[in-house]
Amino acid sequence: MLRFCPTCGNVLHVEEGPTCLRFACNTCPYICNINRRVSIRTYPKLKEVDDVLGGSAAWENVDATDERCPKCSHMRAYFMQIQTRSADEPMTTFYKCCNYQCGHNWRE
């Protein structure tokens, strides 16, 4: 748990005082004795993750090619190419199995 100094705003550290533990600031003379157990849990809200490939709509108008699925060995797969790295590197090819029961995704 991080506590901040109300005077200067720096992070307080825990040190051993003459009678008990205390929060102390490194830059100013602020000290706060710890009289009881301090336990606070804060669970941050995670950001919503955007689908970089465009979600299921990205696979609507793509072509199919002769590529073997590594999961079910089906001989056809849909594919699309996206520039995921810098311009001087080749495009990344994403595949999706044409077998509607499998639907496995992979990339090369």
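- To the nearest 0.5 Å, the span separating CD on Glu67 from NE2 on His74 amounts to 12.0 Å.
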Exercise for review: Test Asn10 against Tyr30 for side-chain contact (heavy atoms from CB on, under 4.5 Å), laying out the working first.
Suggested key: CA-CA 10 Å; Asn10 287 323; Tyr30 178 79; over 6 Å; no

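- Taking all atoms of both residues into account, the shortest heavy-atom contact from Cys28 to Cys5 is SG-SG, 3.5 Å.
- Under the 4.5 Å side-chain heavy-atom criterion for grouping Ile, Leu, Val, Met, Phe, Trp and Tyr, Phe79 is connected to Trp106 within one hydrophobic cluster.
- Annotation: side chain of Val14 is in contact with side chain of Phe23 (closest heavy-atom distance under 4.5 Å).
- Closest non-hydrogen pair, Ala58 versus Val62, comes out as O-CG1, 3.5 Å.
- Atom OG of Ser73 and atom NZ of Lys71 lie 12.0 Å apart (nearest 0.5 Å).
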Review point. Yes or no on side-chain contact (heavy atoms from CB on, under 4.5 Å) for Phe94 and Thr84, after CA distance, side-chain angles and deciding distance?
Key: CA-CA 11 Å; Phe94 293 90; Thr84 57; 4.2 Å; yes

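- Within 6.0 Å of CD on Glu16 lie no more than 12 heavy atoms contributed by other residues, nucleotides or ligands.
- Of all heavy-atom pairs between Cys20 and Ile34, the closest is SG-O, 4.0 Å.
- Met80 and Met91 are members of different hydrophobic clusters when ILVMFWY side chains are connected at heavy-atom separations under 4.5 Å.
- Considering every non-hydrogen atom in both Arg76 and Ala64, the closest pair reads NH2-CB, 3.3 Å.
- Listed here is the closest heavy atom pair of Glu89 and Gln83: O-NE2, 3.0 Å.
- Side-chain contact check for His104 versus Cys72: every heavy-atom pair is 4.5 Å or farther apart.
- Note: Met75 CE to Cys97 SG = 11.0 Å, rounded to the nearest 0.5 Å.
- With hydrogens and angles disregarded, no donor-acceptor distance shorter than 3.5 Å links the side chain of Glu15 to the backbone of Cys25.
- Atom CG of residue Asn33 and atom CZ of residue Arg22 lie 6.5 Å apart, to the nearest 0.5 angstrom.
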